[in-house]
Amino acid sequence: MTESLKNKKIRAKEIAKRLNREMPDADTELLHWDDPFKLVIAVALSAQTTDKMVNKVTPLLWDMFPTPQDLANADPVIVEQILRPIGFYQNKTKNAINCARMICDDFNGEVPQTMEELQKLPGVGRKTANIVLNVAFDQVEGIAVDTHVFRISHKLKLSNAKTPAATEPDLLKVFDKDNWKTLNHQLVLFGRHTCTARNPKCIKCPLADLCPSNEAPSLF
């Protein structure tokens, strides 16, 4: 039987409540940034790799290229050597340098603060823009859907959309807007540490009875 939107919203409210209880201080696990420029580059670098790997390369990257102007003028060969451990380093090098150049040339050296303008930057999609707006500028436009959030959204039967981009509107329909800011981090961390792809910790999961994919009896 298809779950009604009303019941799905009730279940989502309880999911948010429990995640708030379990992770009240959830935040990005990217460690090495102290301004919006470093954050936007770090988030873009985290695509198709882990925050842990990005945290290994960004200290040296910022030591050598701490400002948009520095990175815009960087030798791509040097940047590639720094980024090599994270994979897709050649494309990420190109995007990082071009992103820095656009910030310098089109935005006077400042990271833009709108969803539309952020997505003009090379290597920045809606997921990255959501995180940057949320963390750097305290603006909540939506919920960032990475591979973890995409998987969890389907496991919890909050969406059956085929892509991350199409999944986000489904999440925005069922979760109260007051929870969007923290959910940006909570859902990612929940996917990384509890509802993992290969070995989900269903026995210890605080959402087990709310998960239609779990065999435990549901309260809803």
Side-chain angles (χ1 to χ4, degrees), residues 23 26-104 107 109 111-112 115 117-137 142-153 163-165 167-168 184-200:
M23 295 178 279
D27 203 346
T28 177
E29 291 187 314
L30 293 168
L31 301 177
H32 305 297
W33 65 276
D34 55 14
D35 58 49
F37 163 67
K38 293 185 178 71
L39 180 63
V40 73
I41 297 296
V43 177
L45 292 178
S46 71
Q48 296 177 297
T49 189
T50 64
D51 287 0
K52 184 177 181 180
M53 289 301 301
V54 175
N55 289 336
K56 289 183 177 181
V57 301
T58 43
L60 179 57
L61 185 67
W62 304 143
D63 282 346
M64 298 192 68
F65 311 107
T67 70
Q69 190 66 53
D70 292 325
L71 188 56
N73 295 325
D75 182 342
V77 174
I78 295 176
V79 179
E80 284 185 0
Q81 290 174 346
I82 296 172
L83 300 186
R84 183 181 293 269
I86 66 175
F88 302 97
Y89 65 92
Q90 292 174 318
N91 190 52
K92 289 182 178 181
T93 293
K94 180 180 178 181
N95 281 338
I97 291 175
N98 287 337
C99 179
R101 287 174 179 168
M102 181 174 285
I103 289 172
C104 292
F107 299 104
V111 174
M115 177 66 72
E117 289 178 326
L118 277 168
Q119 290 186 91
K120 292 179 181 179
L121 299 175
V124 176
R126 184 173 173 89
K127 183 205 77 171
T128 296
N130 261 322
I131 295 172
V132 172
L133 287 172
N134 186 321
V135 176
F137 301 118
I143 297 174
V145 181
D146 68 353
T147 54
H148 296 293
V149 178
F150 180 73
R151 174 173 50 79
I152 290 167
S153 299
T163 66
T167 298
E168 184 184 1
N184 268 283
H185 308 298
Q186 291 166 340
L187 291 173
V188 172
L189 297 178
F190 181 69
R192 287 178 182 172
H193 304 301
T194 301
C195 191
T196 56
R198 293 185 178 180
N199 185 30

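For Ala144 against Val149, the heavy-atom pair with the smallest separation is O-CG2, 3.7 Å. The two residues Phe65 and Ile82 make their nearest non-hydrogen contact at CE1-CD1, 4.0 Å. Annotation for Glu168 and Ile143: closest pair OE2-N, 3.1 Å, computed over non-hydrogen atoms. Shown here for Asn55 and Leu31, the closest heavy-atom pair between the two residues is OD1-N, 2.9 Å. Minimum interatomic distance between Phe137 and Pro112 (heavy atoms only, all atoms of both residues): CE1-O, 3.7 Å. Residues Met115 and Asn130 share a closest heavy-atom pair of CE-OD1, 3.4 Å.
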Query raised in the report: Would Glu29 and His193 count as a side-chain contact (heavy atoms from CB on, under 4.5 Å) if you check the C-alpha gap in whole Å, the side-chain angles of each, and the deciding distance to 0.1 Å?
Result: CA-CA 12 Å; Glu29 291 187 314; His193 304 301; 3.2 Å; yes
Query raised in the report: Leu118 and Val111: side-chain contact (heavy atoms from CB on, under 4.5 Å), yes or no, with the steps?
Result: CA-CA 8 Å; Leu118 277 168; Val111 174; 3.7 Å; yes
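The structure places CG of Asp70 at 11.5 Å from CG of Asp63, a figure rounded to the nearest 0.5 Å. Interatomic distance, Thr28 OG1 to Asn184 CG, rounded to the nearest 0.5 Å: 10.5 Å. Taking CD1 from Ile78 and CG from Leu61, the interatomic distance works out to 11.5 Å, rounded to the nearest 0.5 Å. For the atom pair OG of Ser46 and CG of Asp51, the computed distance is 5.5 Å after rounding to the nearest 0.5 Å. For the atom pair NE2 of His185 and CD1 of Ile131, the computed distance is 7.5 Å after rounding to the nearest 0.5 Å. Thr128 OG1 to Leu121 CG: the interatomic distance, rounded to the nearest 0.5 Å, is 10.0 Å.
Two residues are said to be in side-chain contact when any heavy atoms from C-beta on lie closer than 4.5 Å; Thr49 and Phe88 fail this criterion. Side-chain contact between Val57 and Tyr89 is absent, with no heavy-atom pair separated by less than 4.5 Å. A heavy-atom distance below 4.5 Å is found between the side chains of Arg151 and Cys195. Inter-residue side-chain proximity for Pro85 and Met53 is flagged as met; some heavy-atom pair is nearer than 4.5 Å. In this structure, Val145 and Thr163 have side chains that are not in contact, with every pair of non-hydrogen atoms separated by 4.5 Å or more. Side-chain contact between Lys38 and His32 is absent, with no heavy atoms from C-beta onward closer than 4.5 Å. You'll find the side chain of Val135 stays beyond 4.5 Å of the side chain of Leu30, heavy atoms only.
Proximity of a side-chain donor or acceptor of Trp33 to a complementary backbone N or O of Ala42 within less than 3.5 Å is not detected. Put simply, the side chain of Arg192 never gets that close to the backbone of Thr50: no donor and acceptor are under 3.5 Å apart. Listed for the Asp35 side chain is no donor-acceptor partner under 3.5 Å among the backbone atoms of Pro66. With hydrogens and angles ignored, the 3.5 Å screen pairs no side-chain donor or acceptor of Gln69 with any backbone N or O of Gly109. Of the possible donor and acceptor atoms, none in the side chain of Asp146 sits under 3.5 Å from a partner among the backbone N and O of Gln48. Within the 3.5 Å criterion, the main-chain N or O of Pro122 finds no donor-acceptor partner in the side chain of Asn95.
Under the side chain to side chain contact (heavy atoms under 4.5 Å, CB included) criterion, Thr196 pairs with Asn199, Pro200, Lys201, not counting sequence neighbours.
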